[in-house]
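Order of the sequence lines sets the chain letters (A, B, ...), proteins ahead of strands, with each chain counted from 1.
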Protein chains: 2
Amino acid sequence: MSRSEHPETPPLSAATFHILLALAGGDRHGYAIGKEVEEQTAGAVSLGPGTLYRILKQLTIDAWIAEIDSADDEHERRRTYRLTSRGRAIAQAEARRLDALVSVARARRLLPALAR
Amino acid sequence: MSRSEHPETPPLSAATFHILLALAGGDRHGYAIGKEVEEQTAGAVSLGPGTLYRILKQLTIDAWIAEIDSADDEHERRRTYRLTSRGRAIAQAEARRLDALVSVARARRLLPALAR
DNA sequence: GACAATGCATCCATTATGGATATAATCCAT
DNA sequence: ATGGATTATATCCATAATGGATGCATTGTC
């Protein structure tokens, strides 16, 4: 992540989208995001600490996420993040892109037709 | 692409999945695959020649795709590829992974609820 | 109190990608 | 038919992105 900014338009890197998606589920600190991605993907996707904390730093700079005061005084070390409206908009755009991709996969019978 | 084999399990790189997805639509030669990806994604995703031909070579080695005889005698230079059953199975697995991801995005209101 | 798990940070080797470059065939307009 | 744009593949290189190692400190558990 030597680039100063993420591209404003999709595609996002898989790691970046997973982080935004985790935060779309509520405020979380870095380590919790990493754990959630692992659980959500049944271990298929795991972000190394290098990837995880580097991207969090950059996303904060780009204001796609913001660090917030954690109400938890017991864990001073934690840095808790929240998705910004900008970050949400970008995550939505990426979600739409992936949805379109899945639709093509369905049309080409890589996935079963939608139940109705 | 110095690795001798792609991972058998998702996640695939975005470029690899786009190539497999294009071939799921029928036999195509490399250049046509690149064009289709660009059109299908409205220009958002474009594979450089380095990425495109390198991956095609590796996918052939891994037998996820196979080079077939083109019926077209007018274009000797073309190399036409076909998805193998193995390649199709892997593309299916990746499509399922993405579909699950999209479902999470939908549950978190990054996408509108499914129409019924 | 010992030990594992949590939590963040940085560095480094590896991997993946895009773009430049090269080469050649095909298509199309003139 | 000729000249230029497009098609088509291949390789090289600089850059970007990733994972894992390492370090260090805190929190939870027995």
(message) Quick check for you: among C:dA20, C:dT10, D:dT18, whose closest atom lies nearest to any side-chain atom of A:Lys57?
(response) C:dT10
(request) Determine yes or no for a side-chain-to-main-chain donor-acceptor pair under 3.5 angstrom, with A:Arg54 supplying the side chain and A:Gly50 the backbone. (result) yes
(request) May I ask you to evaluate whether A:Thr51 reaches the phosphate of D:dA17, defined as a side-chain N or O under 4.0 Å from OP1 or OP2? (result) no
(message) Starting the side chain at C-beta, find the nucleotide from C:dA16, D:dA17, D:dT7 nearest to B:Lys35.
(response) D:dT7
(request) Would you classify B:Gly30 as touching base, sugar-phosphate or nothing, given that sugar-phosphate means primed atoms plus P, OP1 and OP2, and contacts are heavy atoms under 4.0 Å? (result) sugar-phosphate
(request) Would you mind telling me which of D:dT18, C:dA16, C:dG19 lies closest to the side-chain atoms of B:Ser13? (result) C:dA16
(request) Would you tell me if any nitrogen or oxygen in the side chain of B:Ser46 comes within less than 4.0 Å of OP1 or OP2 on C:dG18? (result) no
(request) Would you indicate which nucleotide in C:dT17, C:dT23, C:dA9 comes nearest to any side-chain atom of B:Arg77? (result) C:dT23
(request) Using the side-chain hydrogen bond (donor to acceptor under 3.5 Å, both in side chains) rule, collect all pairs that involve residues 100-112 of chain B, keeping only residues at least two apart or in two chains. (result) A:Glu36-B:Arg108, A:Asp99-B:Arg106
(request) Measure the shortest side-chain to side-chain distance between B:Val37 and B:Ile19 over non-hydrogen atoms and say whether it is less than 4.5 angstrom. (result) no
(request) Nearest whole angstrom, please: distance from the P of D:dT9 to the CZ of B:Arg28. (result) 13 Å
(request) Calculate the interatomic distance between B:Glu67 atom CD and D:dA8 atom P; express it in whole Å. (result) 14 Å
(request) Kindly say whether A:Leu56 contributes a backbone atom to a donor-acceptor pair with the side chain of A:Thr60 at under 3.5 angstrom? (result) yes
(request) Starting from P on C:dT10, measure out to CG on A:Leu52 and report it in whole angstrom. (result) 13 Å
(message) Once side-chain contact (heavy atoms from CB on, under 4.5 Å) is applied, do any residues pair with A:Ala91, and if so which ones, sequence neighbours excluded?
(response) A:Leu20, B:Leu110
(request) Side chain of B:Tyr53 only, please: which of D:dA21, C:dC8, D:dA8 is the nearest? (result) D:dA8
(request) Classify the nucleic acid contact of A:Ala15 as base, sugar-phosphate or nothing, counting any heavy atom under 4.0 Å across all strands shown. (result) sugar-phosphate
(request) Round to the nearest Å and state the distance from B:Leu47 atom CG to C:dG19 atom P. (result) 11 Å
(request) Please report, rounded to the nearest Å, how far the C1' atom of D:dT9 is from the CD1 atom of B:Ile19. (result) 14 Å
(message) What's the closest nucleotide to the side chain of A:Pro49 if the choices are C:dA20, C:dT17, D:dA21?
(response) D:dA21
(message) In whole Å, I'd like the distance from the CD1 atom of B:Ile55 to the P atom of C:dG19.
(response) 14 Å
(request) Starting at atom CG of B:Leu12, determine the distance to atom P of C:dA16, rounded to an integer number of angstrom. (result) 11 Å
(message) Whole angstroms only, please: what is the NE2-P distance between B:His18 and C:dA16?
(response) 17 Å
(request) Tell me which nucleotide among D:dA10, D:dA8, D:dG19 gets nearest to the side chain of B:Arg79. (result) D:dA10
(request) For residues B:Glu94 and B:Phe17, report the shortest heavy-atom separation together with the two atoms involved. (result) CG-CD1, 3.4 Å
(message) So if I take every side-chain heavy atom of A:Arg54 and compare against D:dG19, C:dG18, D:dA10, which nucleotide ends up nearest?
(response) D:dG19
(request) Would you mind telling me which residue lines up with the more 5' stretch of DNA chain C, A:Arg78 or A:Gly50, judged by nearest nucleotide? (result) A:Arg78
(request) Report yes if at least one side-chain N or O of B:Tyr31 is closer than 4.0 Å to OP1 or OP2 of D:dT7; otherwise report no. (result) yes
